[in-house]
Amino acid sequence: MALEIAEITMILKEHHLLKQVVNNVKGDHQTITGVKYDSRHTVANDLFFCKGNFKPAYLKVAQTNGATVYIAEQQFEEVPKMCGIVVTNVSKAMALIGAAFYDYPQNDLFIIAFTGTKGKTTSAYFTHHILKSISGNKAALFSTIDRITGSKPDQEFKSDLTTPESLNLFHDMREAVNNGMHSLVMEVSSQAYLRNRVYGLHYDVGIFLNITPDHIGRNEHPTFENYLHCKMQLLVNSDVCVINAQTAHLEEIYQAAKATTDPQKIYLFKQANAKINLAVPIDVVYYNDRDDLRLTEIEVKEVSPKAKALHIDGLYDLSMPGDYNQSNATSALIAAGLAGATYEQTHDLLTKIKVPGRMESIVSKHHGVIYVDYAHNYASMNALLSFLRSQYPNGRLIVVVGSPGDKGISRRKGFGEALTAHADIAILTTDDPGFEDPNAIIEVIDSYIDHKKVQVKKIVDRYSAIKQAITISRPEDVVILAAKGEDPYQKVRGVNTPWPTDMKVAKEVLKGLA
Ligand SMILES: CC(=O)N[C@H]1[C@@H](OP(=O)(O)OP(=O)(O)OC[C@H]2O[C@@H](n3ccc(=O)[nH]c3=O)[C@H](O)[C@@H]2O)O[C@H](CO)[C@@H](O)[C@@H]1O[C@H](C)C(=O)N[C@@H](C)C(=O)N[C@H](CCC(=O)O)C(=O)O
Ligand SMILES: Nc1ncnc2c1ncn2[C@@H]1O[C@H](COP(=O)(O)OP(=O)(O)OP(=O)(O)O)[C@@H](O)[C@H]1O
């Protein structure tokens, strides 16, 4: 893979990003053979992007390692011998040049992209499982949990971000194509749009699941309007749009889809009896008459003429309980239908699939059922607790939860409200405190809990909090270890401090109590 300066500047000019080229002593035919944004990974003949909280010292390191060209929003006098391409927006330039460098791998993949405040990972896992099964293992997955670029074990690895940096994204897409993948299921975070990680990328199918206030604050979105705007960009960049008609802000979201997509290529779905306060044409509905912890069944019905071509009508059993997972599953079935899957191929595929850290449970003899779940904002905590309350009307709901430091500040209030609505006992503890004091975060959550309804305990050490929850629970109770899912670390003052995972701790505690 290689690009000439002339090709790079042409792309940047086309997108009105180029300001000037400096120190171009080797001329327009000079070639770069690698693209990097981290000086620690640079090698000879790399093109280096100066982005984010960048320091000029990094560029010096890149130069020492052999990088010959940089792209930045300003010229750096520190490296007079390097060719500099000065642009108006470096993250946009990085996405466009990344796609070109890896020779536009997106053109060889059928890309299904999910966005939403909640349900992205679950829906992506469902869809990937279907496409993988029906294609003979030719489906890639880029999720919050892991990235799968091929069918061999070494082509599967843990993700660092929900949506990777553009250079990593196009690199991994190229790998997927080279590994023989035909389709890609990916999660697209609003942050990816805010940071231009997917700038210029188009999807075959874009799916909007839902939106509730989250990810607003320092380092994230300045306002809810900006969060919504970023999320809606997925639809603006998709050939076919799928929208959960039960989402908040449906009108704006539907209008965003219509701005660039013919309504014939927009599919809306909802639970059959759900009331929608907007006259939108519904394409697919699902019935959930059988919805409990033993069996979750949905019946999917195509209700519009265009939906009939999906061939997804029928009954499906789901492995993951919770009404929100029925909605997630319906979105996955529509996506799979758009990729060519039919009911005959898919009807028994969702009966076994599990998503790590989502609704995982252990049934204990003396201490009730213990759930580990990634619910970590108001909407997901409320959905999870209300479902579990409906399933265990006689037991107490004992919830262990904390809220992260430095981000998602609104979650603290959200947890307080969801706990007040559904929990019997809340054990407030630590979850990724970052640079904040976990005790102070606990106090904020506590200030939103109604103490007449919920008994609150504050145990800052997460291990002890889990131990306490399981120890006090009786056979009819439910213990919920919320918000960390299968995270193997706690983020403390910039360091990922190893954490055995909630599930491992729960098992260890149970063993000790036996
Ligand atoms: C706010 C944000 O998104 N920041 C991301 C961004 O940071 P940044 O560009 O400022 O990078 P930085 O780490 O400060 O360093 C600046 C630059 O210097 C480079 N560098 C650094 C050190 C060095 O020695 N040499 C060097 O060249 C770095 O590679 C980087 O290019 O680029 C980094 C990778 O280059 C990301 O790791 C980082 O994500 C941070 C860790 C993060 O927490 N992001 C979250 C908010 C996020 O993106 N979340 C969404 C999901 C949200 C959801 O659930 O919906 C996601 O998609 O994951
Ligand atoms: N459609 C949904 N609506 C509300 N809550 C949901 C929905 N789907 C899943 N959840 C809850 O949210 C948690 C996280 O689900 P999932 O990982 O699928 O979402 P996500 O969008 O990928 O989340 P994140 O952006 O935080 O990584 C689950 O453990 C569950 O409690």
Side-chain angles (χ1 to χ4, degrees), residues 36-42 48-62 65 67 70 90-91 94 114-126 142-145 159-169 186-198 209-212 214-215 217-221 227 230-231 244 246-247 320-331 355-360 371-388 404 406-408 411 418 432 434 480 482-487 491 494 496:
K36 304 282 164 57
Y37 61 82
D38 190 325
S39 60
R40 291 164 291 194
H41 303 145
T42 45
F48 183 71
F49 290 90
C50 309
K51 69 138 181 96
N53 296 315
F54 169 82
K55 295 189 179 71
Y58 303 154
L59 187 52
K60 295 274 278 180
V61 173
N65 290 346
Y70 68 88
V90 69
S91 52
M94 191 161 99
F114 285 93
T115 202
T117 305
K118 286 291 145 234
K120 295 182 294 298
T121 305
T122 309
S123 306
Y125 258 66
F126 287 166
F142 294 177
S143 81
T144 305
I145 302 176
S159 300
D160 48 349
L161 294 168
T162 297
T163 312
E165 279 299 344
S166 53
L167 296 186
N168 304 88
L169 177 70
M186 65 183 287
E187 294 181 44
V188 181
S189 63
S190 51
Q191 187 77 0
Y193 271 107
L194 187 66
R195 305 256 157 184
N196 296 312
R197 293 180 197 153
V198 287
L209 297 172
N210 50 55
I211 185 152
T212 48
D214 202 3
H215 297 296
R218 194 162 56 83
N219 281 335
E220 295 187 277
H221 299 278
Y227 178 49
C230 287
K231 277 218 171 307
N244 173 7
Q246 290 171 257
T247 181
M320 289 180 64
D323 42 7
Y324 47 87
N325 281 325
Q326 298 159 2
S327 176
N328 294 337
T330 304
S331 76
V355 185
R358 276 79 177 158
M359 282 307 255
E360 292 194 303
Y371 282 93
V372 170
D373 190 83
Y374 196 46
H376 60 258
N377 73 349
Y378 170 76
S380 50
M381 184 67 92
N382 195 51
L384 172 72
L385 297 187
S386 69
F387 174 69
L388 289 176
D406 314 324
K407 67 172 191 179
R411 292 177 193 173
D432 291 344
I480 299 122
K484 269 206 101 48
E486 65 146 23
D487 275 1
K491 293 183 185 174
N496 284 349

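Counting starts at 1 for both ligands and their atoms, following the listed order. Residues: numbered from 1 along the sequence shown. No experiment lies behind these values; they were computed from the predicted model shown.
- Inclusion of Glu165 in the set of residues having an N or O under 3.5 Å from an N or O of ligand 1 is warranted.
- Distances from atom 15 (O) of ligand 2 to the heavy atoms of Thr117, Thr122, Thr121 show the closest one on Thr122.
- Between the side chains of Ser190 and His221, a donor-acceptor pair is found at a separation under 3.5 Å.
- Under the rule for a side chain to side chain donor-acceptor pair (under 3.5 Å), Asn244 has no partner lying at least two apart in sequence or in another chain.
- In terms of protein heavy atoms, atom 9 (C) of ligand 2 is closest to Tyr324 CD1, 3.6 Å.
- Remark: distances from the non-hydrogen atoms of Asp373 to ligand 2 include one below 4.0 Å.
- Counting protein heavy atoms only, atom 19 (O) of ligand 2 is closest to Gly119 N, 2.9 Å.
- Distances from atom 24 (O) of ligand 1 to the heavy atoms of Arg40, His215, Lys51, Arg197 put Arg40 nearest.
- Close approach of ligand 1 to Phe48 (heavy-atom distance below 4.0 Å) involves ligand atoms 27 (O).
- Among protein heavy atoms, atom 57 (O) of ligand 1 sits closest to Ser189 OG, 2.7 Å.
- For atom 19 (C) of ligand 1, the closest non-hydrogen atom of the protein is Tyr37 O, 3.5 Å.
- Contact annotation: for Asn210 versus ligand 2, heavy atoms closer than 4.0 Å belong to the side chain alone.
- Every atom of ligand 1 is numbered from 1 in the order shown, and the set under 4.0 Å from a heavy atom of Asn219 is 1 (C).
- For atom 15 (O) of ligand 1, the nearest protein heavy atom (residue, atom name, distance) is Asn53 O, 4.0 Å.
- A donor-acceptor contact under 3.5 angstrom links the side chains of Thr117 and Tyr227, judged on distance only.
- Counting only heavy atoms, the protein gets under 4.0 Å from atom 30 (C) of ligand 1.
- For atom 47 (C) of ligand 1, the nearest non-hydrogen atom from the set Lys120, Lys36, Gln191 comes from Gln191.
- Thr163 and Gln191 form no side-chain donor-acceptor contact under 3.5 Å, judged by distance and modelled atom types alone.
- Checking Thr115 against Lys231 by side-chain atom types alone, a donor-acceptor pair falls below 3.5 Å.
- Counting only heavy atoms of the protein, atom 27 (O) of ligand 2 lies nearest to Tyr374 CE2, 3.5 Å.
- Look at Met359 and you'll find every heavy atom at least 4.0 Å from all atoms of ligand 2.
- Less than 4.0 angstrom separates some heavy atom of Ser39 from each of these atoms of ligand 1: 23 (C), 24 (O), 25 (N), 26 (C), 27 (O).
- Between the side chains of Ser331 and Asn328, not a single donor N or O lies within less than 3.5 Å of an accepting N or O.
- Using a non-hydrogen distance threshold of 4.0 Å, Asn328 registers as a contact of ligand 2.
- Using a 4.0 Å cut-off to heavy atoms of Glu187, the atoms of ligand 2 that qualify are 22 (O).
- Of the protein's non-hydrogen atoms, Lys118 NZ, 3.5 Å is the one closest to atom 24 (P) of ligand 2.
- Nearest to atom 42 (C) of ligand 1 among the protein's heavy atoms is Leu161 CD2, 4.3 Å.
- Here's the thing with Glu220: none of its N/O atoms is less than 3.5 angstrom from an N/O atom of ligand 1.
- For atom 12 (P) of ligand 1, no protein heavy-atom neighbour is present inside the 4.0 Å cut-off.
- Only the side chain of His376 comes within contact range of ligand 2, with a heavy atom under 4.0 Å; no backbone atom does.
- Taking only non-hydrogen atoms, the option from Lys55, Glu187, Arg195 nearest to atom 1 (C) of ligand 1 is Arg195.
- Closer than 4.0 Å to atom 51 (C) of ligand 1 lies at least one heavy atom of the protein.
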